[in-house]
Amino acid sequence: MSQIKLYNTLTRQKEVFKPQGDTALIYGCGPTVYNLFHIGNARMFVVFDVLRRYLEYRGIKVKYVQNFTDVDDKIIKKANEEGKTSSEIAERYIAEYFKDADALNIRRADVHPRATENIRQMIELIETLIEKGHAYAVGGDVYFRTRSFPEYGKLSHQSIDDLESGARIDVDERKEDPLDFALWKAAKPGEPSWQSPWGEGRPGWHIECSVMASTYLGKTIDIHGGGQDLAFPHHENEIAQSEAANGCAFSRFWLHNGYINVDNKKMSKSLGNFFMTRDAAEVYGYEAIRFFIVSAHYRSPINYTPEVMKAAKASIERIKICRENINFLMKSGLPEENPEDCAMISELRGFRERFIEVMDDDLNTADGVAVIFDLVRKINTLCAQGEPPSKRFLKAAGDLLDELCGVLGIRTTADNGREDEEIKALVEKRNAARKARDFKTADEIRDRLKAMGITLEDTPSGVKIVRK
RNA sequence: GGCACCAUAGCCAAGCGGUAAGGCAGAGGUCUGCAAAACCUUCAUCCCCGGUCCGAUUCCGGGUGGUGCCUCCA
């Protein structure tokens, strides 16, 4: 069996991934909770969810930590606008996060720490940095001395001097160097603040993730990541802080997912061309969003368009119909076993092997999806052929379909609920009409059910009820 | 200015040295009372020009076009 390879931003190469201990320690930069999350955020959550599911699928234990940034300028701004406290805003959008994330079938992290729960450790880390000469306090603020960390720029592969020359003119005269960044910000009136050796204040953004990663996972973790735009400066700064303070590697692997584009432009807050996950879900459904994300390689940019989303929806439908067809046939009069079962079932193993092979290569979910569709076609073909498969084969095929889709977080079964009596009665009435060759009545009933969101399919084994 | 990424059918998207996976859409057919679903068939010399090689979509060089990071952003 092949080995799992992941592209590591640090080395710009695909490397064989093995956790340092018996559990892969993964940290993903979670949302700043001041609003619903957009589909770009969704991509990062889904990508890391797939990473986690896949590692586990391959027998690696995973501890995944995803934070909530619950103290931040944007949250404060929103709170002021609405006359609420920052923590009320944060609380609300954490709840909203889980609504969308659950609907996207994103498993909850093992720990969802909040920045405000880890202030003490942040202060400690800042103190260490000051003691070691990597940071300095100026009038209630504390800055990281970027030039004191010689490896600064190793993640974004820029030299510190190039960064400096490209840096915008910084208005803050108190910084020793334009590249220095805030570890601690002195409190302004009306802002949430905590007592510190440098006075009342709050932590900077970068220090939060450094601290939460090491607090919940340890000083050297296996994988850290987020969207590509976090690589610089956020992740670069995290590395600088953590490694300067701890004297050991912060994360062995860095994974960065590509953006979602709209009209081939990066979807961003400043451009205002972003779509909330919830709004997109209302039009296309959460599952189509997930499929859209998983149908391309995680490092490629993907373009969000109505055409693509419609295609995603139709694709999901195809998988579900296949699964429903299996369920339907399982209840039919097919033989339990068939002499060719063994050969057919062993053929199924080929799909699993191919799936693993492509996914091992830096989580190639696009190829993974292709394997799933090949499987779907295989199953459909066998079901359509004169020689019907056995229930034993169908069970194996359905299990494999669920297994592979499960790794990508694609749900295979529609939540059908109960078939209520009314529908059953109508279907039977229609059957009677058909038998009597009264097709007019039969079609009327079919149209009526269609309007209720129920599609009837007449198959050789009887009428199949499909809900959409 | 510095540092990266990308260019494959109508749309999306894999492959990355041996002559193009998969999905959506389209066309034709089979099945069906009609449908639906499904199945079968069909739909690309991989941006351009050089080079290396027996052989390049895949490697190298040069163009052209697009995107991103260097500023809060997944």
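Labels below follow one simple rule: chain letters A, B, ... track the order of the sequence lines, proteins then strands, and each chain is numbered from 1. Keep in mind that the numbers below use all heavy atoms, side chains included, and drop hydrogens, waters and symmetry copies.
- Rounding to whole angstrom units, CZ of residue A/Phe45 and P of B/A74 are separated by 8 Å.
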Close N/O contacts between protein and nucleotides 20-24 of chain B (under 3.5 Å):
residue: B/G23; atom: OP1; partner: A/Arg377; partner atom: NH2; Å: 3.2
residue: B/G23; atom: O2'; partner: A/Ser315; partner atom: OG; Å: 2.2

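- On a pure distance criterion of 3.5 Å, no polar donor-acceptor pair joins the side chain of A/Asn303 and the base of B/C12.
- Partners of A/Arg114 by side-chain hydrogen bond (donor to acceptor under 3.5 Å, both in side chains), not counting sequence neighbours, listed by chain and number: A/Glu91.
- Applying the salt bridge (charged side-chain N to carboxylate O under 4.0 Å, His left out) test to every pair with at least one member in residues 365-377 of chain A, sequence neighbours left out, gives these pairs: A/Arg354-A/Asp374.
- The 12-atom threshold is not exceeded at CG of A/Asp263, counting heavy atoms of other residues, nucleotides or ligands nearer than 6.0 Å.
- Applying the salt bridge (charged side-chain N to carboxylate O under 4.0 Å, His left out) test to A/Arg448 and every residue at least two apart in sequence or in another chain returns nothing.
- Shown here are the salt bridge (charged side-chain N to carboxylate O under 4.0 Å, His left out) partners of A/Lys440, two or more places apart in sequence or in another chain: A/Glu444.
- In this structure A/Lys77 satisfies the salt bridge (charged side-chain N to carboxylate O under 4.0 Å, His left out) test together with A/Glu81, sequence neighbours excluded.
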Short N/O separations, protein against nucleotides 17-19 of chain B, under 3.5 angstrom:
none

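- Pairs of residues two or more places apart, or lying in two chains, that qualify as salt bridge (charged side-chain N to carboxylate O under 4.0 Å, His left out) and include a residue from residues 148-159 of chain A are A/Glu151-A/Lys154, A/Lys154-A/Glu243.
- Base pairing analysis places B/C69 opposite B/G2; the two distances defining the Watson-Crick or G-U wobble pair are each below 3.5 Å.
- Look at A/Asn364 and you'll find a side-chain N or O under 4.0 angstrom from OP1 or OP2 of B/G15.
- Contact annotation: A/Ser300 side-chain N/O to B/A14 OP1/OP2 distance is under 4.0 Å.
- Distance check on atom C1': B/U67 versus B/G29 gives 44 Å, rounded to whole Å.
- In this view, A/Arg349 satisfies the salt bridge (charged side-chain N to carboxylate O under 4.0 Å, His left out) rule with no residue, not counting sequence neighbours.
- Two rings, from A/Phe45 and A/Tyr97, have their centers less than 6.0 Å apart.
- Across all strands shown, A/Arg323 has no heavy atoms under 4.0 Å from either base or sugar-phosphate atoms.
- Partners of A/Glu403 under the side-chain contact (heavy atoms from CB on, under 4.5 Å) rule, at least two apart in sequence or in another chain, are A/Tyr57, A/Arg352, A/Leu400.
- Side chain A/Arg446 to base B/A36: no donor-acceptor pair is found below 3.5 Å.
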Show me the protein contacts with nucleotides 63-69 of chain B, counting only N or O atoms at under 3.5 Å.
residue: B/U67; atom: OP1; partner: A/Lys265; partner atom: NZ; Å: 2.2
residue: B/G68; atom: OP1; partner: A/Lys266; partner atom: N; Å: 3.4
residue: B/G68; atom: O2'; partner: A/Tyr259; partner atom: OH; Å: 2.9
residue: B/C69; atom: OP1; partner: A/Lys266; partner atom: NZ; Å: 2.6

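- Among pairs with a residue in residues 290-299 of chain A, those fulfilling salt bridge (charged side-chain N to carboxylate O under 4.0 Å, His left out) read A/Asp49-A/Arg290, A/Arg299-A/Asp362, at least two apart in sequence or across chains.
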